[in-house]
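Before any comments, here is the structure.
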Amino acid sequence: MNSWIDADLVLITLTSLVLLGASRLGTTIRMVALQGVLLSPLPLLLAGDAGITLRAAGLAVATVLIKGIGFPWLMDRAVRGGSLRRELDPRLGYNASLLAGVLLLAVAFLLSSRLPLPPGEGTPLVLPAALFNILAGMFVIASRRQAITQVLGYLVLENGIYVFGVGIASHQPLLVELGILLDVFAAVFVMGIVIFHMGRELDHIDTGRMTLLNDWEKE
Amino acid sequence: MSGYAGLLAALVLAPLLPGVINRTKSFFAGRRGPPLLQPYFDLAKLLRKGAVYSTTTTWLFRAGPVVGLAAMLVAAALAPFGGVSAPLAFAGDFLFFAGLLGVARFATMLAALDTGSSFEGMGASREAQFAALAEPAFLLGLTAVAWKTGGLSLSGMLGTTSFATWSGAAAPLALVCVSLLVVFLAENARIPVDDPNTHLELTMIHEVMVLDHGGPDLALIQYAAALKLWVLGSLVVGIALPVRSLAHGWAFAASVAGMLALCVVVGVVESCLARLRLTRVPQLLLGAGVLSLLALFIGLK
Amino acid sequence: MTLLLVALGLLVAGGAAALLCRQSPRAANLLGAGSAAAACALGLVPAVTGLVGGGARLESAWSVPGGSLALAIDPLSAFFLVPLFGLCGLAAVYGAGYLSAAPGGRSPGPPWFHFSWLVAGMVVVVTARNAVLFLVAWEVMSLASYFLVTRDDEREDVREAGWTYLVATHFGNACLIALFALLGPRSLDFADFGPASHAGLLFVLALIGFGTKAGFMPLHVWLPEAHPAAPSHVSAVMSGVMIKMGIYGLLRTLTWLGPPPLWWGGLLIAAGAASGVVAVMFALAQRDLKRVLAYSSVENTSIIALGLGVGLVGLHAGTPGVAVLGLAGALLHVWTHALGKGLLFLGAGAVLHATGTRDLDRLGGLARRMPLTSATFLVGAAAIAGLPPLSGFFSEFLILYGAVQHAGLHSLAAMVALALMSGLAAAVFVRAFGGAFLGVARDDGVRVAHDPGAAMRAPMAILAPALLALGLSTPVLLPALAPVVEQIGGLPARRELDAATAPLAVVVLGSTIFLALVALIAGLRRSLLAGRTVGAAATWDCGYAHPAPRMQYTASSFAQPLTALFGPVLRTRLTWDAPRGLFPAAAAFATRTPDVVREAALRPLFDLVSGALHAMHRLQHGRLHLYVISIALTLVVLLLWRLS
């Protein structure tokens, strides 16, 4: 069982790494979708000896539907709706981003080796994988210019929290998990609509160029 | 069955591998293709020929193929095959292995620069770049296996990799396998890093470096290239195919079959994929390094 | 010990005699070189006996407060004395040829004087057992090398390089003075130094102070300036031995500080990894052959730092195997780099001597014109690039072999850095060798080059086989390093070193097989081609009929894919005047890669400091009565403060 969990976590980590090094918007969206799908078996696998409950199964299905299909579809629609540039234009190059990803990975492993874990919780890889996804998500938000990529970064970050939640706090009621999922859904939905309209109105969704929209420097 | 059988197999069967790759590619292209033994025929023909040397070249140009082949022969004596220890196995031999690959590359690049041709300069320049990025991926990948298996020699690592190791540590081993496969493709100048078939000198790497060599020199180079394909391939196969649990004769046969299967995979990759843009290759190699590192991080826990 | 003193006396006297011999440059040259070479030959005897166990000690009183004339040879000193005397002796022989042909008929007296004092200073640094004596010798070494660097002081860039060197070296000295002041409040004799309460601070001070001399980034700024400016035999000594004095100092300090905490090793590995990778990138981007070698020196001291770091991490973790391998690898690399980089700088000097240029994009084709220089340079390049069977491979092997046996983030970082550096170093040296020696000459002056005279040829011809011999004798040599390793690490090392000789012996066996195979295949090839038609033609070049020399791939082009990849670090500056119109007349393209630390960090910092100090100019107004008043005021204030 454990090796399946590990394999799944490694694949999730890899999707984040690919996302860091990918230059095409389509690839990044596909990676987030893939990550959503990969996340779904985690509640079932981590249920362990307790057996697979209906709630865990429900969470898995909801994860696939929302993270694997819903969000990517929204993002894809936003990309197609607006006349966005397909090639991204990051603040940091792709190779540099990938190297930064390696550093983040090292930091995640370093941190998780320092964090005391309650015994018997998940596998030793859960914590570093969760931390890495959180860090990688923040890195994407900080290093990319386009609003859409920043939303994708936000999703990666949320996926990290999800891994953390499912893997570490298995006693936490699944209801909370579902609630968070719903929250994120609402947030991404709003962001998708905003990006869609922004793309239509402004021809670009470069957040770096939106500082002019503030109120106090209008004169 | 001692380790010398593996070495002998490498020496004898290595030129078969490019033949298998070419046949696979012909199959996908709907051609009949050259005979499987064509690389042997080529070697025999080249060995019978004379040579033409550029007037700009020095002894370094003639030394390149010689040093390259000698280094590859010693490397072949380090690589275990069929679950049996290699003749020259010792703790830390993978570092020596990497060093020997470095020597061969150094000699080839110098021979290329010796011609004074800008095409060969280009090839050497790309080789230097890609090799510098492939080396960390290779060393780190093998270190990951060393940490996982507790073996410090190639024979110790691959010899103790069994089905049990795989079921215990599937994720890191798979990562290393993919990483080493990328290194294998890059070091052997195959698609998606280099296209051995193109005849546009501007796009080639390995082939363009040896453009000026002919006759017996070219035979040495081609034989060394086939050996390199074999020894690096045998590492990938050794990890992916943990035949330790089989009886020796069967393990040997299974490993040979594994090598041929690897060549079919290479052929399929070459038929289905295009060569990457040169500026994208570093990313691929960097990615391989990241996979190796990830495997190491997992090993740390 | 007597021999060492005789050698020191000979150095000082010979240098002074060369300086005084103004009438005859020839006599000055012979006197300077002869005395230095003789002194080094004499000094080798106590050095070698010291390494195999014959220590010696000498102590006498000195009127300087806190000082005593205490000299001693223990294994650690002897280990550094051997390459010191060996390389300096060879450099002196080379220098006799190099300076005799100095342009402009300038007297070789002063450079020989400074050279002798540099060597003497280094000898005393390594053998001193008193902090005051050590610091005095350190200063003598620094100043003598400063004068050697600024020998061509009519050139602006040389004066600039000298100034940078002077500032950097005294920054380091300041840290060293603080280090020794903290180490010895009671006594300044090394024998009285012991584990201190604030060992961490002392370690950092030593790392900065000695690291400035060793050239760890970002303290390396003086190195790529000073090495190219100095005469080549001096560059060889500076790079091969003098920067190792920083390593020696660090090691000596470690013997006083007691058991290392984990972060010392971590800091060394971090410093070594960052500085090594960045330095090798910069080496790739340089066009000046000696600058390439200078950056490569930074990279190689970083390898030593990585080895030390692995050793300290192993010491902390209580794994003697890892500790001993790391330390032994670092030590072996000291010798490797002394011989290898010494050889390379001598080779670069021969190139400069023969062609008048160090620009890789103008050289080319020298392998035909200078067979001995090119062959020895190739050996040095392969050794420094860490290729078997030369000694560079063996030291890197030991460090990596140690790191592999320690499953931890620290050793992992060291491995990543070393793996990356070794691949890039190979690219650096293929580029340097290819640019200078292969292909066709790109410039007219290069076409008439020839090997230098016997005095300059002999040292290169000795050093190149020495690198191979050092590599192949590593298994024999390694157990002899046990006393040195024990002294640094404070743990029994004999058993681990003996254990490490087993794999090394197989490497040597494999290398011997490799060399035999090379000979065999070469013979086979020769016999195959005998009696067949072997033609000669122009390079194929894909159908171009008239390949011109300037069409060759230059060293800059060779490095371009890598320098582009590392662009964000290197910040290469392009000046490009593109060809325009139908019949473009003139076009120009130039790249320059200034040191990023110097440009981005130090220059702004120094501008800031000098701006702030400009405010002090107001005090220098030239009115005498105000000066007197301020002196009087200060005096009164001090008296009041003291007497109240």
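Each chain gets a letter, A, B and so on, in the order the sequences are listed, and its residues count up from 1.
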Practice problem: Walk me through it: do Phe106(B) and Phe429(C) pass the test ring pair (Phe, Tyr, Trp, His ring centres under 6.0 Å)? | Solution: CA-CA 9 Å; Phe106(B) 200 75; Phe429(C) 282 103; 8.1 Å; no
Quiz item: Is chain B contacted by the side chain of Leu424(C), its backbone, both, or neither, given a heavy-atom distance below 4.5 Å?
Solution: both
Exercise. Please state whether the side chain, the backbone, both or neither of Leu509(C) comes within less than 4.5 Å of a heavy atom of chain B.
Key: side chain
Exercise. Could you look at Ala382(C) and say if it's the side chain, the backbone, both or neither that has a heavy atom under 4.5 Å from chain B?
Key: both
Exercise. Could you tell me which non-hydrogen atom of Phe96(B) sits nearest to which non-hydrogen atom of Pro388(C), and how far apart they are?
Key: CE1-CB, 3.8 Å
Quiz item: Is it the backbone or the side chain of Phe433(C) that comes under 4.5 Å from a heavy atom of chain B, or both, or neither?
Solution: side chain
Exercise. For the residue pair Ser422(C) and Glu135(B), confirm or rule out a side-chain donor-acceptor distance under 3.5 Å.
Key: yes
Practice problem: Take Thr539(C) and Thr56(B) through the side-chain hydrogen bond (donor to acceptor under 3.5 Å, both in side chains) test and state the conclusion after the steps. | Solution: CA-CA 7 Å; Thr539(C) 299; Thr56(B) 45; 3.0 Å; yes
Exercise. Let me know if Thr55(B) has heavy atoms under 4.5 Å from chain C in its side chain, its backbone, both or neither.
Key: both
Practice problem: Could you tell me which portion of Leu420(C) (side chain, backbone, both or neither) has an atom closer than 4.5 angstrom to a non-hydrogen atom of chain B? | Solution: both
Self-check item: Top contributor to chain B contacts, counting heavy-atom pairs under 4.5 Å, from Leu400(C), Thr533(C), Ile513(C), Leu412(C)
Solution: Leu412(C)
Practice problem: Examine whether an atom of Thr554(C) lies under 4.5 Å from a heavy atom of chain B, and if so say whether it belongs to the side chain, the backbone or both; otherwise answer neither. | Solution: neither
Quiz item: Relative to chain C, which segment of Ser292(B) carries a heavy atom at a distance below 4.5 Å: side chain, backbone, both, or neither?
Solution: neither
Self-check item: Tyr553(C)/Phe119(B) aromatic ring centres below 6.0 Å
Solution: no
Quiz item: So which part of Arg62(B) gets closer than 4.5 Å to some heavy atom of chain C, the side chain, the backbone, both or neither?
Solution: both
Practice problem: Would you mind telling me which of Gly50(B), Ala112(B), Ser118(B) has the largest number of heavy-atom pairs within less than 4.5 Å of chain C? | Solution: Ser118(B)
Quiz item: Of the backbone (N, CA, C, O) and the side chain (C-beta and beyond), which part of Phe393(C) lies under 4.5 Å from a heavy atom of chain B, both, or neither?
Solution: side chain
Quiz item: Non-hydrogen atoms of chain C under 4.5 Å away: do they reach the side chain of Leu88(B), the backbone, both or neither?
Solution: both
Exercise. Measure Leu78(B) against the heavy atoms of chain C and call it side chain, backbone, both or neither at under 4.5 Å.
Key: neither
Quiz item: For Leu95(B), is it the side chain, the backbone, both or neither that has a heavy atom under 4.5 Å from a heavy atom of chain C?
Solution: both
